[in-house]
2 protein chains.
Amino acid sequence: MDVGGTEDTIPMRRPDPEPPEGRGGARAVRSADPPLSGRTPLDRRRILGAAIEFVDRHGLAALTMRRLGSALGVEAMALYRYVPGREQLLDGVVETVIDELYGDPEVHMEAAHGWQDYLQRLAHGVRRIALAHPEVFPLVATRPPAAPWVRPPLRSLRWVESFLTVLTASGFTAESAVAAYRAYSSFLLGHLLLEVSQKGVQINAEDAPEGVSNTGTDLSQYPLVIELEELLSRDESDAEFEDALENLLGRLESVRREGRDGGRPGGFRA
Amino acid sequence: MDVGGTEDTIPMRRPDPEPPEGRGGARAVRSADPPLSGRTPLDRRRILGAAIEFVDRHGLAALTMRRLGSALGVEAMALYRYVPGREQLLDGVVETVIDELYGDPEVHMEAAHGWQDYLQRLAHGVRRIALAHPEVFPLVATRPPAAPWVRPPLRSLRWVESFLTVLTASGFTAESAVAAYRAYSSFLLGHLLLEVSQKGVQINAEDAPEGVSNTGTDLSQYPLVIELEELLSRDESDAEFEDALENLLGRLESVRREGRDGGRPGGFRA
DNA sequence: ACCTGAACACCGTTCAAGT
DNA sequence: ACCTGAACACCGTTCAAGT
């Protein structure tokens, strides 16, 4: 039903995303553009960058080989010279976004001040990325990992390698470093996924102009939800993140100590 | 590159999923099937059930209105009488899967043995569902919630209501019940998403028949990853889940106590 | 060397028409 | 009342052809 729906459907959030570089307006059709060809010849990096920007702007569902092509001023088929297909495009997007971490000066100086400091900065770095690309992050969380046998899919073996290096150098046994890796990534994944999807919803709730923000469900069945509405919708994500991260690091520290002493009486296992 | 690839692409994992009810072989074309019409007239529940089964079998990417239709012995267009569109179909799938919880006797007797017992059973119930429908679970974790202002998207207001009811009846303040709800769902989300995507990868790793399960990346750059391969690929998910859940519940108990006493010196905030 | 046109098989969705 | 055929606009992807 849903009569007179706004532009709420998924396939296309905006009709025409307008080619990103204005560079001379229409410049209609098929004539010259002399032998010095038409702009720089395209490459994988530029494609991935454009894809990320496109997803940030229009959402994942709107990303299409054809639309991405035209955002780059090119026909879709041209992309296939640089990217094997749509799925691999998405893999590349995930990898590129994760690799932003290594350009982040807050994160890059690995273990200068101990492993807890490193994990703190890493977590905040990942969080910054998640908040910067909320439409991309679910993809990061959801795609299968590069190496099938590395369990947690926060992808990018560089990341795993660096994590394990720092922890084993800080007194973690191999077992507890791996356990820590798992606990840490599942924490980040869960927390940030929640946070990002919250933000997404707040933003996408731009339709219902005022009053009953009710999405059609009958709320009267859920009195406590109504009563606690104010608390439930409050956004304390910064503080929540800080608290939960600190708690996790505390847990890891005790695992580390147990590992060092040889016994493993509680906490984690690998 | 990837020469001679097996049937590894996403769009169609199997060429023809064969109509699920054999019911009389070919029975070629357009003749009779007298006025007593062709089988039961389709309905929303049957459609959602078929969609879940289809996704479990063939993966999310393979679910298509047309293919789902033909799995039900019907043209795609017939589905639109019962479901407004593909997106809403997916919403329905998520809701149906989550609602399995309420048919689960392990979970349903709400707070018979205290809130910790309740949260234990609930977590295990959700985990059972995640493991039973690994292809559906990412959808559960990823779709926006029914009520925009309920932050964590483990959807289904019934679930939220029941959670809050039990906790506030067990001595949690409103604030700490909400904080507990958030911590609990982000834990479940992160942990199960990781676990499920691990399983999915293990299964989909059926292609590389033996030896180098390498996906093309150059592993030699990541010596520690190689060295710890055995540990990293080990599956202790049952024990890990148990440990992490127990730890979380311990944390919640201390929050509960603090809330009762009026002070809130550590742990969570709402 | 790099891009495009045309084509193919497949999508979601609408609507008038069949039974 | 319930389903289908035909149609529309849009996909991903291939490949021979253009420059």
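Chain naming here is simple, since letters A, B, ... match the order of the sequence lines and numbering starts at 1 in each. All values reported here derive from a predicted model rather than from experimental measurement.
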Please determine, for the side chain of [X], which listed nucleotide ([options]) has the closest atom?
{"X": "A:Arg66", "options": "D:dT14, D:dC11, D:dA7", "result": "D:dC11"}
{"X": "B:Arg67", "options": "D:dG5, C:dC2, C:dC11", "result": "C:dC11"}
{"X": "A:Met77", "options": "D:dC15, C:dT14, D:dC3", "result": "D:dC15"}
{"X": "B:Thr64", "options": "C:dC2, C:dG12, C:dT14", "result": "C:dG12"}
{"X": "A:Met65", "options": "D:dT13, D:dC3, C:dC2", "result": "D:dT13"}
{"X": "B:Leu42", "options": "C:dC3, D:dC3, C:dT13", "result": "D:dC3"}

Rounded to whole angstrom units, what separation is found between the [atom1] atom of [X] and the [atom2] atom of [N]?
{"X": "B:Glu75", "N": "D:dA6", "atom1": "CD", "atom2": "P", "value": "11 Å"}
{"X": "B:Leu79", "N": "D:dC2", "atom1": "CG", "atom2": "P", "value": "14 Å"}
{"X": "B:Leu89", "N": "C:dC11", "atom1": "CG", "atom2": "P", "value": "14 Å"}
{"X": "A:Leu63", "N": "D:dG12", "atom1": "CG", "atom2": "C1'", "value": "12 Å"}
{"X": "B:Tyr80", "N": "D:dA1", "atom1": "OH", "atom2": "C1'", "value": "20 Å"}
{"X": "A:Leu72", "N": "C:dC2", "atom1": "CG", "atom2": "P", "value": "16 Å"}
{"X": "A:Asp43", "N": "C:dC3", "atom1": "CG", "atom2": "C1'", "value": "15 Å"}

C:dC3 phosphate, OP1 or OP2, under 4.0 Å from A:Tyr82 side-chain N/O: yes
Contacts of type side-chain contact (heavy atoms from CB on, under 4.5 Å), residue B:Arg44, not counting sequence neighbours: B:Leu48, B:Val83
Which residues share a side-chain contact (heavy atoms from CB on, under 4.5 Å) with B:Ala123, sequence neighbours left out: B:Tyr184, B:Leu188, B:Phe241, B:Leu245
Comparing B:Ala76 and A:Val74 on DNA chain C - which has the more 5′ nearest nucleotide: A:Val74
Using salt bridge (charged side-chain N to carboxylate O under 4.0 Å, His left out) as the criterion, list what pairs up with [X], not counting sequence neighbours.
{"X": "B:Asp56", "answer": "none"}
{"X": "B:Arg86", "answer": "none"}
{"X": "A:Arg128", "answer": "A:Asp104"}

Sugar-phosphate only, base, or nothing, as touched by B:Arg86 at under 4.0 Å among non-hydrogen atoms: sugar-phosphate
Electrostatic pair B:Arg143:B:Glu87 at N-O distance under 4.0 angstrom: yes
Residues A:Arg127, A:Glu195: salt bridge by 4.0 Å N-O rule: yes
Watson-Crick and G-U pairing of DNA chain C, under 3.5 Å, as dot-bracket with | and [ ]: ||.|||||...|||||.||
